[in-house]
Peer 1: 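Before we start, here is the structure in question, set down as structure tokens.
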Amino acid sequence: MRRKVIAGNWKMNMLPNEAMEFIEKLAPQVKDTDNEVILCVPYIDLFYSLLNVQETNIKIGAQNMHFKESGAYTGEVSGKMLKSIGVEYVIIGHSERRQYFAETDETVNKKIKAAFENGLKPIVCVGETLEQREEGKTKEIITKQTELALEGLTPEQVQNTIIAYEPIWAIGTGKTATAEDANNSIKSIRDKICQIYGQKIANGVIIQYGGSVKGENAKELFEMSDIDGGLVGGASLKPDEFAKIVNYDK
Ligand code: 13P
């Protein structure tokens with residue numbers, strides 16, 4: 001059985017004092033869950049958040065990293081730097097980074113490799129635009145993005161990659177893919193992984209859904225056969241709401 005992994009993506013929100021307060025409110029509400037709980041916070045909040053999750057079951061992730069270890073890359077943060085303070089996870093290739101910061105399938109692939117080299121677990125985002133969806137290209141787009149993201153990884157690394165299927169039209173819009181639809185898209189990603197890496201690996205890979213996940217729709221989504229939890233934006237900014245999502249199975 002794959003475990004459920006529920007990650008918050010705070011995007012460019014929350015000051016360090018707000019992050020610390022949030023964790024104090026969330027921790028007691030999620031302490032009994034069997035699900036993996038991750039908060040992906042802005043760089044500025046990482047250190048404070050790591051201090052406050054000690055002795056809790058909450059894990060901390062970053063939202064991006066550079067693929068080089070160090071060097072003349074003003075404004076960037078490397079995987080080695082993230083690891084040095086105790087970060088465990090890192091989101092790679094979020095659609096907002098692909099859209100606004102020129103992230104490509106090639107840089108996504110390099111960053112995933114660099115994440116593993118530094119002992120970080122990548123959460124890799126794939127997803128189609130509304131236009132691609134309307135043209136009937138969803139499956140083609142998301143399986144290609146997955147294939148290119150994972151290119152050159154060892155089977156063990158593929159097994160340890162978390163994939164987040166986030167249809168771009170469902171992000172921050174209040175529109176959620178139906179549970180069946182999200183499940184089918186996720187199945188097509190799993191089938192592609194099966195084709196390339198075999199059934200055993202495909203069965204083990206965690207694939208989340210993201211896009212307007214809330215307390216009220218989490219159960220329906222996460223109970224589907226192939227949806228292994230969620231990557232949550234807006235609803236992860238409120239501790240009570242996020243706790244509801246984490247505790248969808250209680
Ligand atoms: P929303 O949950 O706000 O739609 O955002 C989803 C997302 O982009 C998570 O990475």
Side-chain angles (χ1 to χ4, degrees), residues 3-64 86-92 94-97 99-100 121 123 125 127 162 164-179 182 206-224 227-250:
R3 71 191 195 286
K4 302 287 180 186
V5 180
I6 295 150
N9 173 11
W10 283 355
K11 308 191 179 182
M12 198 171 72
N13 295 291
M14 304 284 253
L15 301 174
N17 62 317
E18 293 169 329
M20 292 177 87
E21 220 172 278
F22 181 101
I23 290 165
E24 272 159 32
K25 287 193 181 141
L26 180 69
Q29 299 188 64
V30 299
K31 68 177 177 15
D32 296 324
T33 184
D34 294 327
N35 305 324
E36 179 94 336
V37 187
I38 308 168
L39 293 174
C40 296
V41 309
Y43 290 135
I44 194 84
D45 296 339
L46 283 171
F47 195 71
Y48 298 91
S49 303
L50 284 160
L51 287 179
N52 256 26
V53 297
Q54 284 176 16
E55 289 164 43
T56 77
N57 54 342
I58 303 167
K59 307 284 167 50
I60 296 297
Q63 300 172 8
N64 179 39
V87 172
E88 267 186 67
Y89 290 89
V90 58
I91 297 175
I92 291 178
H94 192 279
S95 61
E96 286 149 18
R97 295 216 58 88
Q99 189 180 351
Y100 307 131
K121 297 173 205 158
I123 300 174
C125 302
I162 295 176
Y165 166 60
E166 299 205 305
I168 294 170
W169 51 270
I171 295 179
T173 57
K175 286 186 204 149
T176 325
T178 64
I206 303 285
I207 311 181
Q208 303 171 308
Y209 168 77
S212 300
V213 175
K214 304 179 205 71
E216 66 194 39
N217 60 22
K219 187 174 167 73
E220 192 192 352
L221 287 160
F222 300 169
E223 279 183 345
M224 298 302 291
I227 304 183
D228 305 323
L231 185 57
V232 185
S236 76
L237 296 171
K238 298 178 205 123
D240 295 353
E241 181 74 8
F242 189 59
K244 223 184 270 174
I245 298 172
V246 171
N247 294 322
Y248 79 93
D249 51 353
K250 291 265 182 275

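Since the structure is predicted, the reported quantities are computational estimates derived from the model, not experimental observations.
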Peer 1: Is there a side-chain contact between D34 and R3 in this structure, where contact means two heavy atoms from C-beta onward sitting under 4.5 Å apart?
Peer 2: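 Not touching, per the 4.5 Å side-chain cut-off.
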Peer 1: Quick one: closest heavy-atom pair of G211 and Y209, and the distance?
Peer 2: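 Closest approach of G211 to Y209: O-OH, 2.8 Å.
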Peer 1: Are the side chains of L46 and V41 in contact, using a 4.5 Å heavy-atom criterion?
Peer 2: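 Sidechains of L46 and V41: in contact.
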Peer 1: Does F47 have any side chain to side chain contact (heavy atoms under 4.5 Å, CB included) partners at least two apart in sequence or in another chain, and if so, which?
Peer 2: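 Expected list: L51, I85.
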Peer 1: Flag the pair H94 / Q63 as yes when at least one side-chain heavy-atom distance between them is below 4.5 Å, and no otherwise.
Peer 2: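 Side-chain contact under 4.5 Å: no.
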Peer 1: Do I171 and K11 have side chains that get closer than 4.5 Å, going by heavy atoms?
Peer 2: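 Yes; the side chains approach each other to less than 4.5 Å.
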Peer 1: Could you grab the distance from atom CG of D249 to atom NZ of K219, nearest 0.5 Å is fine?
Peer 2: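 The NZ atom of K219 is 7.5 Å from CG of D249, to the nearest 0.5 Å.
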Peer 1: Can you tell me how far the CG atom of D32 sits from the CG atom of N57, to the nearest 0.5 Å?
Peer 2: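 Going from CG on D32 over to CG on N57, the span is 8.5 Å.
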Peer 1: Would you say E18 and W10 make side-chain contact, with heavy atoms under 4.5 Å?
Peer 2: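 Side chain of E18 against side chain of W10, heavy atoms only: no contact under 4.5 Å found.
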Peer 1: Of all heavy-atom pairs between M20 and N52, which one has the smallest distance, and what is that distance?
Peer 2: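 Shortest heavy-atom contact: O-ND2, 3.0 Å.
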Peer 1: Using a 3.5 Å cut-off and no angle test, enumerate the donor-acceptor pairs between side-chain atoms of residues 233-245 and protein atoms at least two apart in sequence or in another chain.
Peer 2:
residue: S236; atom: OG; partner: V232; partner atom: O; Å: 3.1
residue: S236; atom: OG; partner: G233; partner atom: O; Å: 2.7
residue: D240; atom: OD1; partner: Q29; partner atom: NE2; Å: 3.0
residue: E241; atom: OE2; partner: G215; partner atom: N; Å: 2.8

Peer 1: Please lay out, stage by stage, how Y43 and N64 fare under the test side-chain contact (heavy atoms from CB on, under 4.5 Å).
Peer 2: CA-CA 9 Å; Y43 290 135; N64 179 39; 3.8 Å; yes
Peer 1: Is the closest side-chain heavy-atom distance between V5 and D228 below 4.5 Å?
Peer 2: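 The answer is no, as the side chains (C-beta and beyond) never meet within the 4.5 Å cut-off.
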Peer 1: Mind listing the closest non-hydrogen atom pair of I123 and A164 along with its distance?
Peer 2: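 Result for this residue pair: CG2-CB, 4.2 Å.
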Peer 1: Decide side-chain contact (heavy atoms from CB on, under 4.5 Å) for I162 and Y89; before the verdict, give the C-alpha distance in whole Å, the side-chain angles of both, and the deciding distance to 0.1 Å.
Peer 2: CA-CA 10 Å; I162 295 176; Y89 290 89; 3.8 Å; yes
Peer 1: Looking at A177 and A170, what are the two nearest heavy atoms and their distance?
Peer 2: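 In this case the closest contact between A177 and A170 is N-CB, 4.4 Å.
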Peer 1: Which distance, rounded to the nearest 0.5 Å, do you find between the NZ of K250 and the OG1 of T33?
Peer 2: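 So the NZ of K250 and the OG1 of T33 are separated by 4.5 Å.
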Peer 1: Going by heavy atoms in the side chains, are Y248 and I6 under 4.5 Å from each other?
Peer 2: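 They are in side-chain contact.
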Peer 1: List the atom of I168, the atom of G127, and the distance in Å for their closest heavy-atom pair.
Peer 2: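 What the structure gives for the nearest pair is CD1-O, 3.9 Å.
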Peer 1: List the steps, then state whether side-chain contact (heavy atoms from CB on, under 4.5 Å) holds for M14 with L39.
Peer 2: CA-CA 12 Å; M14 304 284 253; L39 293 174; over 6 Å; no
Peer 1: Can you name the closest pair of heavy atoms from V87 and G61 and give their distance?
Peer 2: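 That closest heavy-atom pairing would be CG1-CA, 4.0 Å.
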